[in-house]
Amino acid sequence: MITGEEFSLSDIEPRGPLQVKNQVIGILRQVDTDKVLAGVVIPDPSFKNAGNIGNISIDRNHLNGAPFDMVVVCEVLNPYAGKGEYRGKIIEVLGGINDNDVKSLALLRQFGLSPDFPTAVKDEVKDLPLNPTEEEINDEFAKGRVDLRRLLTITIDGEEAKDLDDAITVKRLDNGDYKLFVHIADVSNYVRLNTELDNEAQLRGTSVYLAERVIPMLPPKLSNGLCSLNPNVDRLSMTAEMVISRTNGEIIDGHVYESVIRSDRRMSYNECYRILFENEPLEEQPEIVDMLRKMKDLTDILKAKRDNRGTLNFDIPETKVILNDDGTVKDVMAYPINYCNGMIEEFMIAANEFIAEFFCSRNFPFVYRIHETPDPIKLQKFARVARNFGAVGTIRSNVSSGDLRRYMETVRRDEFKPALNTMLLRAMAKARYSSENCGHYGLASEYYCHFTSPIRRYPDLYIHRIIKTFLHKENMRKYFANHVEDVAQHSSEMERNSVDAERASVDAKVALYMSDKVGQEFDAVISSIIEPGCFVQLENTVEGFVAFRTLNDHYIFDERCMWAMGRKCGIKLTIGSKVKVILTNVDLDNNHIDFVFDENIEGGNRTPRKSKKMKYGDDTPPSKRKVSGRRRR
């Protein structure tokens, strides 16, 4: 943590694609201390290091006509100063404090996101067709692109998805092995190197899935149209074709090539699940049902292979916010996941591993997706806690992911597992992009990359570009060797920024959803404990805080055991404990939700008292640490 004495606003890295630096989002308030000072900007609490920045003084000649009590963008004029000494000028007025649109706009400014594309980018895409022309398709065939339009092909995604990156074909061979075709949108055919479109895509790095909107990496004409693998239209694609063993799930043979496909049907996860497990008929296309069953068989084989090698599975639900047409929050729930989500994930992992190994074995400059070995000190701290909740065994400093998986399986009581999974995830390194292949610890994979989502991730698009130069024997090895690490680092930074923005967006909507439910009782589970109190999670994934000072007893927190015990009553509060809580306060400025325990908790009575707002410092609830928005494969 950066302390106030050490902190300088100039130390904060530029935020987001717009590279925002030395700007703070906050509320402009009037002060009457002297004739020179006109007001102060109070930083938005969700702004990183807001507590270290403090209020920013605004002289009269730097108001620029901004009215007081409004949300504003403030440029700090002396970023090398310290807390309480910053002076700034107003460069933009966003609007009223309680306006939902203003809150959304403030979030975009804070994370350097723009829903609009530069004029130069719009000019490059304005003349692109809605679909590839017949002339273009024939020209591609003449260059060697493979015609797969007669191959039975489907897309499976969420009902709301518009940017369809991937399509699937599965066949069973005569010997019982499987042939898996993973068709990926050929975005690189339209986003050419060093164009305005490419420069903007690289700058953005990723699409950002906020609760109320998507900030796409590519203009919608490409992301939702020409590149999206929509049904019954010709699409240029990149196909990874793999032969997979029926016995152990290993890839026996495979190759990657440019292709043209025509998706036969756009399907959803829920629709496929109903066909596979509820026998819902699909009378007009029985051959699709047959292929879905083959896909299920192959999925089980691939999953068994990954389980055997020690892939870590973190069953931590994401939060889904359902909005009304006017943008208000209709409901909050756990993001619905079923078997078919995992089915597509298995196929994407197989393709990503195949492509990464293919290029690593040829020592070609490449962008890998890596997940490094966890910090042994953090693992030992986790193991001390896990043993108190039933885990058996020892975690060595060089523990493999397989050993760690088996260690977690020794925890027999299911109620402890979600909180322990969250703690273990916190002990892990963050996955990132790199030009060096270090493997993927969580997947127990020696080779891994992101190849399957070029519409929404720049590393995938860049990898497609590398694949094409390899296929066409273009002499680009030296060029890529000089650029892959920069692409990897910037893409990692933009990914972290998008995750923070998505989380902040969901937190704001969740707080708004809970704001009219003060006084209501909920079933909850204790998800984490810190010295001032414990975090509780409702069944719909909403998370809030119960301060120990609201209880009648004095609770002593034991960090080594991750529990708190009442000094007089002897009641022990542990992660995984089921409790009933009453909502007492929702702080919409900070997106903090406060509860108290209902009168009856195990072994004693508690008197609910109105909770005061409290600052969490560095200890944030688990829901603020998990990835929100569209699931990342």
Side-chain angles (χ1 to χ4, degrees), residues 121 123-155 162-169 171 179-198 201 217-242 254-266 348 351 354-355 358-359 364 450-477 479-480:
V121 173
D123 288 342
E124 282 190 355
V125 303
K126 67 180 181 181
D127 294 329
L128 290 174
L130 295 177
N131 298 304
T133 64
E134 184 177 353
E135 181 181 5
E136 180 186 2
I137 295 293
N138 290 332
D139 286 345
E140 290 296 321
F141 289 149
K143 296 174 185 177
R145 194 177 285 268
V146 180
D147 187 354
L148 300 180
R149 291 177 293 180
R150 294 180 180 273
L151 197 66
L152 180 62
T153 302
I154 61 174
T155 63
K162 297 178 181 178
D163 49 351
L164 309 181
D165 291 284
D166 53 85
I168 300 296
T169 302
K171 293 182 175 182
K179 181 170 284 189
L180 169 65
F181 298 80
V182 176
H183 315 282
I184 305 299
D186 189 357
V187 178
S188 64
N189 186 78
Y190 304 102
V191 183
R192 300 300 177 91
L193 186 64
N194 295 328
T195 60
E196 294 294 334
L197 183 56
D198 179 50
M217 183 181 77
L218 300 173
K221 189 171 185 178
L222 288 173
S223 60
N224 297 349
L226 184 57
C227 292
S228 182
L229 303 182
N230 300 326
N232 304 316
V233 290
D234 292 348
R235 285 291 183 263
L236 304 185
S237 58
M238 187 77 72
T239 294
E241 180 181 333
M242 298 157 280
H255 54 295
V256 59
Y257 51 88
E258 296 166 297
S259 60
V260 178
I261 69 166
R262 183 180 295 161
S263 172
D264 293 278
R265 190 179 179 100
R266 187 234 193 275
M348 298 304 110
F354 166 68
I355 295 295
F358 184 94
F359 281 90
F364 207 88
H450 275 170
F451 155 78
T452 54
S453 294
I455 291 178
R456 61 187 181 92
R457 293 190 303 226
Y458 192 77
D460 306 53
L461 168 58
Y462 204 76
I463 284 175
H464 281 226
R465 196 169 284 148
I466 292 173
I467 293 172
K468 285 194 172 191
T469 61
F470 178 84
L471 293 176
H472 295 291
K473 297 180 171 57
E474 298 174 8
N475 187 19
M476 297 280 286
R477 181 186 288 266
Y479 174 86
F480 288 123

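If you read the sequence from its start, that first residue is 1, and numbering goes on from there.
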Check whether any side-chain N or O of [X] sits under 3.5 Å from a backbone N or O of [Y] as a donor-acceptor pair, and report yes or no.
| X | Y | answer |
| --- | --- | --- |
| R456 | D165 | no |
| D460 | T452 | yes |
| T239 | Y257 | no |
| R235 | S228 | yes |
| T195 | D198 | yes |

Output the distance between atom [atom1] ([X]) and atom [atom2] ([Y]), rounded to the nearest 0.5 Å.
| X | Y | atom1 | atom2 | value |
| --- | --- | --- | --- | --- |
| I184 | H464 | CD1 | NE2 | 6.0 Å |
| K171 | F181 | NZ | CZ | 5.0 Å |
| H183 | S263 | NE2 | OG | 9.0 Å |
| L164 | N230 | CG | CG | 5.5 Å |
| T155 | I168 | OG1 | CD1 | 9.5 Å |
| T133 | D234 | OG1 | CG | 10.0 Å |

Closest non-hydrogen atom pair, [X] against [Y]:
| X | Y | result |
| --- | --- | --- |
| L226 | Y190 | CD2-CE2, 3.4 Å |
| R465 | R192 | NH2-C, 3.9 Å |
| F359 | I466 | CE2-CG2, 4.1 Å |
| G254 | F354 | C-CZ, 3.3 Å |
| L218 | P454 | CD1-O, 4.3 Å |
| I261 | R149 | C-CG, 4.0 Å |

Practice problem: Start with the C-alpha distance between M217 and R457, add both sets of side-chain angles, then the distance that settles side chain to side chain contact (heavy atoms under 4.5 Å, CB included), and finish with yes or no. | Solution: CA-CA 7 Å; M217 183 181 77; R457 293 190 303 226; 5.6 Å; no

Quiz item: Does D264 have any salt bridge (Lys or Arg N to Asp or Glu O under 4.0 Å) partners at least two apart in sequence or in another chain, and if so, which?
Solution: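 D264 satisfies salt bridge (Lys or Arg N to Asp or Glu O under 4.0 Å) with no residue once adjacent residues are dropped.
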
Flag side-chain contact, heavy atom, 4.5 Å: [X] against [Y]:
| X | Y | value |
| --- | --- | --- |
| D123 | E196 | no |
| L148 | V260 | no |
| L193 | Y479 | yes |

Quiz item: Thinking salt bridges, do R145 and D186 make one under a 4.0 Å N-O criterion?
Solution: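 D186 and R145: salt-bridged.
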
Quiz prompt | Partners passing side chain to side chain donor-acceptor pair (under 3.5 Å) against T153 (at least two apart in sequence or in another chain) | solution =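 For T153, the residues satisfying side chain to side chain donor-acceptor pair (under 3.5 Å) (neighbours in sequence not counted) are T169.
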
Just to verify, what does [X] make a side chain to side chain contact (heavy atoms under 4.5 Å, CB included) with, not counting sequence neighbours?
| X | value |
| --- | --- |
| K221 | L128 |
| N224 | K162, D163, P220 |
| T469 | F364, E474, M476, F480 |
| A185 | V187, L229, I455 |

Quiz item: In terms of ring plane angle, is the pair Y458 and Y462 parallel, tilted or perpendicular, where the classes change at 30° and 60°?
Solution: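 The arrangement is tilted - the two ring planes meet at 30° to 60°.
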
Exercise. Please report the C-alpha distance between F141 and N138 in whole Å, then the side-chain angles of each, then the deciding distance to 0.1 Å, and finally whether the side chain to side chain contact (heavy atoms under 4.5 Å, CB included) criterion is met.
Key: CA-CA 5 Å; F141 289 149; N138 290 332; 4.2 Å; yes

Quiz item: Step by step, would you call F451 with F358 a side chain to side chain contact (heavy atoms under 4.5 Å, CB included)?
Solution: CA-CA 12 Å; F451 155 78; F358 184 94; over 6 Å; no

Quiz item: Could you go step by step and tell me if M238 and I355 meet the side chain to side chain contact (heavy atoms under 4.5 Å, CB included) rule?
Solution: CA-CA 12 Å; M238 187 77 72; I355 295 295; over 6 Å; no

Quiz item: With a cut-off of 6.0 Å (strictly less than), are more than 12 heavy atoms of other residues, nucleotides or ligands near NZ of K468?
Solution: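 Result for NZ/K468: enclosed.
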
